[in-house]
Every structure is written in structure tokens, then in C-alpha cells.
Amino acid sequence: MGRKCSKAFRKETGEKGYAALNVTELLNQSVTAIKGIGAEMAENLADMHIETIKGLLEHFPYRYEDYRLRDLADVKHEEKVTVEGTVHGEPSLVYHGRKKSRLTVRLLVDRYLVKVVFFNQPYLKQKIAVNETITVTGKWDQHRQTITANEMSVGAYSKDKELEPVYAVKGKLTVKTIRRLIKLAFSQFGSQVEEIIPAELLQKYKLMSRRDALRALHFPSGAEEAKQARRRFVYEEFLLFQLKMQALRKLEREQTPGNAQAYDLSRLKEFIESLPFPLTNAQKRVVNEILTDMKSLYRMNRLLQGDVGSGKTVVAAICLFASITAGFQGALMVPTEILAEQHAESLTALLAPFGVTCELLTSSVKGKRRREILAKLQEGTINVLIGTHALIQDEVSFRNLGLVITDEQHRFGVEQRRILREKGENPDVLFMTATPIPRTLAITVFGEMDVSIIDEMPAGRKAIETYWAKPEMLDRVLGLMDKELSQGRQAYVICPLIEESDKLDVQNAIDVHNILSLHFHNRYKIGLMHGRLGAAEKEEVMKEFSSNEVQVLVSTTVVEVGVNVPNATFMLIYDAERFGLSQLHQLRGRVGRGSEQSYCILLADPKSEVGKERMTIMTETNDGFVLSEKDLELRGPGDFFGRKQSGLPEFKVADMVHDYRALETARNDAALLVQSRAFWQSEKYAGLREHLAAAGALSGEKLD
């Protein structure tokens, strides 16, 4: 490449050339430093958020046009194919109207004589001669033995063009232009690309160097080289992301010391032995993980995942009791009043016999009663406070808060969780969720947390029987519901929308409520709940259902989280294909909470293969973690949490679902590196430390 520079580059460096800038600064220059890119082109690139040489070099292709020669015997109908063959007979050109034409060429490809058709390219007839070899690319029609071609070159196939990168483009830029600009950037600055992954990791995983991988992604000599280049960048992206998460976690732990809770082990064992049922092995494991955190010098920051009915509340009770024996208070924050009441009831039943005072604080607790609770809380005579976001009001003050538990933590904002945490002096924090999050997402989105999983259900619990029914079977389904209701049980009916929509042909809650009222001739009381009701109205409907004043609850998905009605044994979900697997599983978890057999009917007529697969999977397994992994495969990470979910990183090359093994490997490597002294001191890790500094992971400041 020599030391040739563009005028812009020479001007920027004061005619001193490369020596004036280090490699990082060199690649962080404006794209105008590349000879051949002027101000107008730089503006076009800026529209695509490409402003530096590094940004252009790292604008990776999202796929490749595959021009490899293939045997027609292996090509499927309507697949794109590239073939080389000999022209067999004179080409035939036919015109249709003024500008429309069809050029047909018979081509001998290996043992096949096929027709190649070019539409509206009459000039090609002059280039094609009988018995000449040509290479064509187009769509294969297996039935007609025809290729509808869109590209042609005279002569034998050239291996130089096996794969052609395809890039995301915007505005005036074309893929061809991006290819040309990247070629310019690489020819002038490619030799300045530095390695950032340590040599031992490159050798361990047999990874290409950064420079070679960059070249191979943009200009692959073949499919294998492109694959190896992608493999290298998948690992790099995951490693850099996980290093950031692990460094933030280390910083958080070291800057916020914990309370080192010295709980009373003998009293704790006595409490565990008093429980009405033995702990499962999974519960024992997570209790040990949490207690180890609580007695450590670091503040706990742990996520507890457990499927619906796996026994998270008991784990919470054990940890709260441990904190109380260490002289601290505990807080449990949940998203709804009815859930807060249910938790208060169950925790009081477990803890009160051991002299533990539990109190409930919600917006419904007012006046003198509220003032009493707040005073006792400040005095320290209340050991455990259970409530909704009322817990984070300014007036709520603890004497000595040691453990904060947030149930269904994704329902609270980051700020709400922070306010509750700051009610004490660096209390230990446990987040609980009944939404099974696939391991790949858990270690990505919650990378700075420790994750505990209850992956075992208590013995003797009856699995919910799930069936998929077509809409024409509704009468039979309602007959089954009537059978359950006639035995004194209750039912949920879930609908995707509140009221009629022109856009979606789906059953709405208001219509279904009317249909069921007519069907059951007022033999049962039918309630209606949806998102447009106020908080007080929702609470009232749920209380009526909980106390069996309402036998059938027609609802939108607002019942998805935190409703415990053991007498409800039947659930009917209308238009079930509209929901993701994880959401269907969460809904299904509202039944099956008592000792009676429960049923979930999915009323659906999916048109797509994915929709049909979703229904089949639901009928085959009750395991939320299996379903969540499947859901991630079918819908992708963006849809799993919803598009507004913050915390999902944007990777240029890596895919969290398909590259999950690389993600786990990178996480383990990052954890070992961050914990080692050498990582923070040795010169060989300088590139990784620079990346962390740029990402804000060394200052406690998070940058996107």
C-alpha cells in the first residue's frame, strides 16, 4: 500500500502521514481520508451511520449471493442456480410489443439439455454463439427444465466469483458502490487493522486473525473461508459484550459492599423442617446459592427463574427468614394488589409461627392503619413488608432493610427497582420471575446478574392437559367447560382483543362475554376484564373471581401474571395462534393450581407452518424452559421480550439463538479474564481493556 494518502488525510495529519496518528486514531478518521471518497459520498455514508474508516470496514455483509456451480440433480424447484454449459443450436429471439422480448437458448449442462430464457435483453443474442461455453445464473424451473436467467457471462465459470457479499444500503448508495468503497478502504488501510483477541484464545479456538477475517468477510475466496471469518467475528462480538457485562458486574460488586448477613443456621434449619412439604432438589440448590450470596461481603444481585408452580414463594420465605435472623428487615414488591394480598397471606402463614411480623402495604391501605404500619416499619417491629409500588413512596422508611425481593421484576421499571433498593444500606437484591427466559437470553440480557433456576416441579402436581381444537369444535369445547363448571369449578376464557377490529379477524372479549352469557342462560356469572378497565375495577373483578362470585372470567391477557385461583380448572384461549409460546404457557399457568385435574384448550386455526408448530408444541410439553427455547427459535430475541425491551444488544454478525454455544463459551472466557490479575495489568490484554474503557465499563458509566 505504501504511504500514499488522500489530500484530506494529508491535511488532517499535517503532511506527516501515518506516523502522526496511532492505529486507533488512524481508523477512527473520517471516511474522507480514503482516497476516492469525497464530501458528497461521505454524506451518503453518514446517512447510514458510517462516518469513519473503521465504521466502513466493519459494515459487514448480511448475506452472500451464491454463484457456486451446482449439479441440477441437487437443485430444488424455483431455487437460484449458477450453471456452465455449451450453447446447443441458434438462440431464438421473439418480440412482444414494443419493448418486450424473450431470448431462448438451449444449453447442454453436463448430461442435461435445458432451456435458458432471458427476458427483455435482446442484445445478448449477438454475444451468444453456437458451441460456445457460457455461464448463467437464474431461477430453476424443475418441471419445464428451464432457467429464467438474470445474469450471464461468456466463457467458462470463474471461481473468483463464488460468493458475492450483499450489504444493507440506504438512500443513493447501492450494494455495488458499498463493495467498491470497502475495497478502497481495505486496500489503503487494511494493513492497519490490529488484533484485539489474545493469541492464546485465537489458538485455542483456531480463529482467523482480525485482519484476515475482515478481508474474508468482504472478499471471501469461497464458502468455507466466509464461514471461518464469520465464526471469528461471532466470538469477538460475544467476548467483547460479555467482558463489558462481567466488568460492570465486578465494578458493581466491589463498589457496593454487601451486608454479610450472619444468619442463624440452626433457626433456619428448624424453619425449613417446619414447612408443610419437603423442598425439591432444585429449591435446595437455589436456596444455597442465594444464602451464599447473602453471607458474602458483596451485595447480592441475583435473578431467580422458576416456572409457574415451581415453588419460588417458599424460596423467598426461607431467604426472608434468614435475613430476619441476621437482624435485618425484608421487602417483597409485586406488580398487583391482589398478588400482594396473596403473598402476604401465604408468607404470614409460613413465618408468623416463628415470631415474624409481616405487613401488607398497598394504595388501598389508608389513614390510621397506614400511619401505624409506617411507624412500626421505622421502629423495626415489622420484619417483612409486602406490597405494590406503594413500597417505593417517600414516606416508606425501613429501620434496617437487608433483603429486597421483586416478583415479576420485568413489570417494574429500572428506576422503581432502584428506589426500593435505596431504602436500605446496600441491601441484597433478588429478582424473581415466572417467565422462563431461555438461557441464551438470560446470560445476555441479565449478564451482570447471577442467575438461579428452579427447573423441577414439586412431586404430585398434576400436569395440565392441553388440547388444540379448531373453531368448528367450539360447541364440544363449551360442553367440556360446562362439565367442569357444574362440579363447582371455575374457568378462564382468554381473548386477544378488547373489542371488534377491522384489521384482525379475532374474537374479542366483549363479544365472547355476550356469547357465553347467552350460551349458559345465566346459570353461571360471567365476568369481564380487560386493559381499559381502571386498576380498581380490575381488582374488583379479580376479587369476585377469587371468591367464586364469578364462575367464568372472560379476559384479555391481563391475567397473565400473578393470579392464584386454585378452584379454576379450565382455560379456553381464543385465536391461540396470535400468541407466542411463552405467553400461552404463562396463561396456561393460571389453572392447575389446586389438587384437581386442569385443562387448557387452544382454539386456533393457524394458516402458517410456524403457527401449527406452536400449537403442536403446546400440547406436547408443560416445561416452560423447553417452550421458551422453542419460542426464541420461532420468533427471535426481539419479539421474545417485545420490541421496546431495552437491554437486547445489537450484534452485527452474531445471532444469540443460533450461536448460543459461542455465547456461552465467550461468557466463560470473559468471566475468567475479568477475575484474573493479568487481564488488568498485562500488555497482551491492552486492546480488550481499551474496548472496555470506550464502552464505559471501567467507569461505571454504561454506554450503548
Side-chain angles (χ1 to χ4, degrees), residues 303-317 319-320 330-351 358-366 370 373 382 384-393 396 403-413 416-417 419-420 429-436 454 490 492 494 527 529-531 533-550 553 555-568 571 582-583 585-594 624:
L303 173 72
L304 173 61
Q305 283 184 256
D307 215 336
V308 173
S310 61
K312 292 185 301 300
T313 308
V314 172
V315 171
C319 300
L320 287 165
L332 172 62
M333 183 162 75
V334 298
T336 64
E337 282 204 16
I338 191 155
L339 188 56
E341 286 169 14
Q342 288 171 354
H343 272 306
E345 198 177 305
S346 53
L347 286 175
T348 302
L350 292 171
L351 295 166
C358 299
E359 279 293 356
L360 174 70
L361 186 68
T362 64
S363 53
S364 300
V365 180
K366 294 185 171 73
R370 190 180 189 85
I373 289 173
I382 290 174
V384 178
L385 187 65
I386 300 128
T388 54
H389 56 274
L391 267 59
I392 59 175
Q393 304 300 315
V396 178
L403 177 62
V404 170
I405 302 178
T406 313
D407 195 17
E408 291 307 330
Q409 57 91 24
H410 60 279
R411 296 281 289 268
F412 296 103
Q416 290 174 309
R417 301 199 299 261
I419 294 167
L420 179 58
V429 180
L430 180 67
F431 302 104
M432 301 199 303
T433 180
T435 306
I454 305 179
Q490 289 166 273
Y492 291 97
I494 308 296
M529 189 161 80
H530 52 71
L533 294 178
E537 292 171 298
K538 282 184 198 166
E539 292 289 337
E540 187 55 39
V541 174
M542 275 318 304
K543 278 179 182 168
E544 287 180 354
F545 189 60
S546 296
S547 60
N548 204 359
E549 292 170 52
V550 163
L553 180 63
S555 174
T556 54
T557 55
V558 289
V559 298
E560 190 180 331
V561 170
V563 181
N564 188 23
V565 183
N567 191 46
M571 176 170 282
S582 290
Q583 196 176 25
H585 181 63
Q586 285 294 299
L587 289 165
R588 175 169 64 182
R590 299 304 105 209
V591 295
R593 290 170 164 253

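In what follows, every heavy atom counts, from backbone to side chain, and hydrogens, waters and symmetry copies are set aside.
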Roughly how far apart are [X] [atom1] and [Y] [atom2], rounded to 0.5 Å?
X	Y	atom1	atom2	answer
Thr313	Leu347	OG1	CG	7.0 Å
Met571	Ile494	CE	CD1	4.5 Å
Cys358	His343	SG	NE2	12.5 Å
Phe431	Leu303	CZ	CG	8.0 Å
Glu337	Leu361	CD	CG	9.5 Å
Cys319	Met432	SG	CE	9.0 Å

Next item on the list: Say whether, by atom type as modelled, one donor and one acceptor occur between the side chain of Arg370 and the main chain of Thr362 under 3.5 angstrom.
Entry: yes
Check: Within the side chain of Gln490, is there an N or O that forms a donor-acceptor pair under 3.5 Å with the backbone of Val550?
Finding: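 Indeed, once roles are kept as given, a pair shorter than 3.5 Å links the two residues.
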Item checked: Residues forming a salt bridge (Lys or Arg N to Asp or Glu O under 4.0 Å) with Glu341, sequence neighbours excluded ->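 Glu341 satisfies salt bridge (Lys or Arg N to Asp or Glu O under 4.0 Å) with Lys543 once adjacent residues are dropped.
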Next item on the list: Please name all residues satisfying side chain to side chain donor-acceptor pair (under 3.5 Å) with Glu537, sequence neighbours left out, ordered by chain then number.
Entry: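 Expected list: none.
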Next item on the list: Check the surroundings of atom CD in Glu549: do more than 12 heavy atoms from other residues, nucleotides or ligands lie under 6.0 Å from it?
Entry: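 It does: Glu549 CD has more than 12 such atoms within range.
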Could you tell me whether the side chain of [Y] reaches within less than 4.5 Å of the side chain of [X], counting heavy atoms only?
X	Y	answer
Met542	Leu553	yes
Arg593	Val565	no
Val404	Met333	no
Leu385	Ile373	yes

Could you report the tightest heavy-atom contact between [X] and [Y], atom names first, then the distance?
X	Y	value
Asp407	Val334	CB-CG1, 3.6 Å
Leu350	Ala317	CD1-CB, 3.9 Å
Val396	Ala390	CG2-O, 3.5 Å

Next item on the list: Going by the side-chain contact (heavy atoms from CB on, under 4.5 Å) test, name the single residue among Val315, Leu430, Leu403 that passes it with Leu320.
Entry: Leu403
